[in-house]
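Every heavy atom of this structure was used, including side-chain atoms; hydrogens, water molecules and symmetry mates were not.
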Amino acid sequence: ALPIYTSSNATRFFFDDFYAGPLDTDSVVVESAALHAIVFNEIYFEPASSAVLPYAEFVEWFNRSDDTIDMSGWTLTDGSTVGRLPARSLLLPGQYAIGCDEDDASLFESFGMVIPLNSMPSLNNDVGDHLELKDATGRLIDQLDFSDLSYHDTSKKNGGWTIERRSEEHTSEL
């Protein structure tokens, strides 16, 4: 049964320590991730003007961990060029992000989260390349080898297609 209050008790209620506003949640941000916590998920290394995608190279990362990971100061390198991720590059658990040259960032904003690099390594077409994602301390987080053979379809050899990791476990296979 509901309690019954008389009019003489109507002013004897008080509230204390309440909050009205956006939900305030506790979140842990990890600054150094484990190997393969963030993985290369997709890559666009041979843009074509006839493609639906913007005419600019990109990589896509996936956070496969249960933690929010701060990728600030992380690097993407192909061995000759090193691109650095900016401050406040947070990737939530299960979130994808596109990494591209900062000059091309606006081209990809309609596709989701974009993390612009100060210098995007040039992704070698036909012969392929070896990419490494390293945390701010220089520790390897993920790596990826790719070439035209990664398409597994010679009709796509002229570009305009992305390649994705095939494995749900996000192993190195494309």
Quiz item: Rounded to the nearest 0.5 Å, how far apart are CG of D145 and CG of L149?
Solution: 12.0 Å

Quiz item: With under 30° as parallel and over 60° as perpendicular, where do the rings of Y151 and F45 fit, or are they tilted in between?
Solution: parallel

Self-check item: D129: side chain to side chain donor-acceptor pair (under 3.5 Å) partners, not counting sequence neighbours
Solution: N124

Self-check item: Nonpolar side-chain network containing V82, other nodes, edges under 4.5 Å
Solution: none

Quiz prompt | All side chain to side chain donor-acceptor pair (under 3.5 Å) counterparts of S80, not counting sequence neighbours | solution = D78

Report all side-chain donor-acceptor pairs from residues 100-107 shorter than 3.5 Å, counting only partners two or more places apart or in another chain.
from: D101; atom 1: OD1; to: M120; atom 2: N; distance (Å): 3.2
from: D101; atom 1: OD2; to: D103; atom 2: N; distance (Å): 3.0

Self-check item: Listed once per pair and sorted, the salt bridge (Lys or Arg N to Asp or Glu O under 4.0 Å) pairs that draw on residues 130-140, sequence neighbours left out
Solution: E132-K134, D135-R139

With a cut-off of 3.5 Å and sequence neighbours excluded, list every side-chain donor-acceptor pair involving residues 109-118.
from: N118; atom 1: OD1; to: R84; atom 2: N; distance (Å): 2.7

Quiz item: By side chain to side chain donor-acceptor pair (under 3.5 Å), which residues pair with E42, not counting sequence neighbours?
Solution: T162

Practice problem: Evaluate the side-chain proximity of V59 to L133: yes if any heavy-atom separation is below 4.5 Å, no if none is. | Solution: no

Self-check item: Partner residues of Y44 under the ring pair (Phe, Tyr, Trp, His ring centres under 6.0 Å) criterion, sequence neighbours left out
Solution: F58

Quiz item: Who are the side chain to side chain donor-acceptor pair (under 3.5 Å) partners of S65, not counting sequence neighbours?
Solution: N63

Quiz item: What pairs with D66 under side chain to side chain contact (heavy atoms under 4.5 Å, CB included), at least two apart in sequence or on another chain?
Solution: none

Practice problem: Output yes when a side-chain donor or acceptor of D142 lies under 3.5 Å from a complementary backbone atom of F40, and no otherwise. | Solution: yes

Quiz item: Among all residues two or more places apart in sequence or in another chain, which pass the side chain to side chain contact (heavy atoms under 4.5 Å, CB included) test with K157?
Solution: D148

